[in-house]
Amino acid sequence: LFSFDPATNTQVDLNDFKSTNGYAPAGGLVQAANGKYYGVTSFGGTAVWGTIFSYDATTNMQANLYNFNGANGSNPLSSLVRASNGKLYGTTFYGGSNEHGTIFSFDPNTNTQAKLFDFNYASTGGYAHGSLVQAGNGKLYGMTQGGGGGNLGTIFSFDPTANTFAKLFDFNGTNGGIPYGSLVQAANGKLYGMTYQGGANDSGTLFSFDPATNVQVKLLDFNAARGYNPVGNLIQANNGKLYGMTYSGGNSDYGVIFSFDPTTNTLVKLFDFDNTRGAYPFGSLTQASN
């Protein structure tokens, strides 16, 4: 775990993960109301199935707070999200009653975890990879990589007030399949996301999902020229456009940076990775204050 000062371009190693306090951290950090940062590791801890940890930037102290044990979920691969009720919510890729993953909450005030839902591959979808996102209606939305009617993943919602789960959409290949990243809610209220596979070229899709009507619309098919196989998330910049990256494709087949205008549904390729300046981006962009 490290810090990086953009003013001086200096990096500081703050904590070394190891088997006992969890290792192979997945996703990013989220700051809770108490000022501490929280994250997950995909392995390690007392049962080797991953941990939830906190980091206090004031004291430079990391603490292992919870150990996944399989029954309550295992191998979380995405960031925690801070909901409006102050609790942190996340998913695990494996574990739970069906070994298809779980949805859980973590209360930073009491350091208690609660398993809220067990995925079932056939009926609900399974193997959630991206993070949850809380929409304006208060519900949490996410995606699974597999299962559902098309066996290529699902879109689902979870109500943190009623603790109720709803499968909302099945990817079937034509409309996309196997999403890696997370959804993002744009200013127009719709959720936008990408799939790694599926679509007209089996190279992934960009889509919208309306939480008011539960309708998904495939907006774009990725291809070799514009980039393909996206694995991260979209972000909405302050100019209203969505920005993202693909893992492959473009002029050198090392991936691209692109923008997508949700008003006109048009994509513009902005940059081709060429190995010298990086290759195969796996994460997501973030907009800085400049």
Rounded distance [0.5 Å steps], OG in Ser54 versus CG in Leu80: 11.0 Å
Minimum side-chain heavy-atom gap Tyr280-Tyr254 below 4.5 Å: yes
Donor-acceptor contact present, side-chain Thr92 to main-chain Pro76, <3.5 Å: no
Side-chain heavy-atom pair Asn223, Ser203 within 4.5 angstrom cut-off: no
Between Asn109 and Lys87: side-chain donor-acceptor atoms closer than 3.5 Å: no
Side chain Asp274, main chain Arg277, donor-acceptor under 3.5 Å: yes
Verdict with reasoning, Tyr127 to His100, per ring pair (Phe, Tyr, Trp, His ring centres under 6.0 Å): CA-CA 6 Å; Tyr127 311 127; His100 301 153; 5.7 Å; yes
Side-chain heavy-atom pair Tyr55, Asn60 within 4.5 angstrom cut-off: yes
Flag, side chain of Thr51 to backbone of Phe53, donor-acceptor distance under 3.5 Å: no
Closest non-hydrogen atom pair, Gln216 against Asn175: NE2-O, 3.5 Å
Single-linkage hydrophobic cluster, 4.5 Å side-chain cutoff, Ile235 and Val81 together: no
Short side-chain to backbone donor-acceptor contact, Thr144 and Gly125, under 3.5 Å: no
Side-chain donor or acceptor of Ser79 paired with backbone N/O of Gly28 under 3.5 Å: yes
Phe4 CZ: over 12 foreign heavy atoms closer than 6.0 Å: yes
Phe271-Leu220 co-clustered via ILVMFWY side chain contacts under 4.5 Å: no
Flag, side chain of Arg226 to backbone of Asp221, donor-acceptor distance under 3.5 Å: yes
Tyr37 with Val40, same ILVMFWY side-chain cluster at under 4.5 Å: no
Working for side chain to side chain contact (heavy atoms under 4.5 Å, CB included), residues Val231 and Tyr196: CA-CA 6 Å; Val231 293; Tyr196 183 78; 3.4 Å; yes
Side chain proximity check, Asn69 to Thr46, heavy atoms < 4.5 angstrom: no
Polar side chain donor-acceptor pair, Asp253 to Tyr228, under 3.5 angstrom: yes
Any donor-acceptor pair under 3.5 Å from Asp170 side chain to Gly148 backbone: no
Same apolar cluster (I L V M F W Y, side chains within < 4.5 Å links), Val256/Leu206: yes
Closest approach of Ala33 to Arg82 (non-hydrogen atoms, all atoms of both residues): CB-NH2, 3.4 Å
Modelled atom types, side-chain donor and acceptor of Asn229 and Tyr180, under 3.5 Å: no
Minimum heavy-atom distance between Pro281 and Thr246, given as atom pair plus value: CG-O, 3.2 Å
Separation between OH of Tyr121 and CZ of Phe119, rounded to the nearest 0.5 Å: 13.5 Å
Short side-chain to backbone donor-acceptor contact, Asn75 and Ser42, under 3.5 Å: yes
Within the 6.0 Å centroid threshold, strictly below: Phe171 and Phe207: yes
CD on Gln236 to CG on Asn188, rounded to 0.5 Å: 7.0 Å
Asn67 CG to Ser74 OG distance, which is reported to the nearest 0.5 Å: 12.5 Å
Separation between OG1 of Thr205 and CE of Met194, rounded to the nearest 0.5 Å: 9.5 Å
Exceeds 12 heavy-atom contacts within 6.0 angstrom, atom CZ of Phe165: yes
N/O donor-acceptor pair under 3.5 Å between Asn85 side chain and Pro160 backbone: no
Non-hydrogen side-chain atoms of Pro211 and Gln185 separated by less than 4.5 Å: yes
Within-4.5 Å side-chain heavy-atom neighbours: Phe282 and Met245: no
Gln134 side chain vs Ser84 backbone, donor-acceptor pair below 3.5 Å: yes
ILVMFWY network linking Phe17 to Met61, side-chain heavy atoms under 4.5 angstrom: no
Minimum heavy-atom distance Trp49-Gly70, with the two atoms named: CD1-N, 3.8 Å
Pair Asn72-Tyr66, side-chain donor/acceptor within less than 3.5 Å: yes
Considering all heavy atoms, the nearest Asn172-Leu152 contact: C-CD1, 3.6 Å
Student check: side-chain heavy atoms of Gln62 and Asn21 closer than 4.5 Å: yes
Within-4.5 Å side-chain heavy-atom neighbours: Thr102 and Phe117: no
Gap between atom CD1 of Ile178 and atom NE2 of His129 - 0.5 Å precision: 11.5 Å
Shortest non-hydrogen contact from Lys139 toward Asp159: CE-OD2, 4.2 Å
Whether over 12 other heavy atoms sit under 6.0 Å from Tyr38 OH: yes
Side-chain donor-acceptor pair present, Asn137, Tyr141, cut-off under 3.5 Å: yes
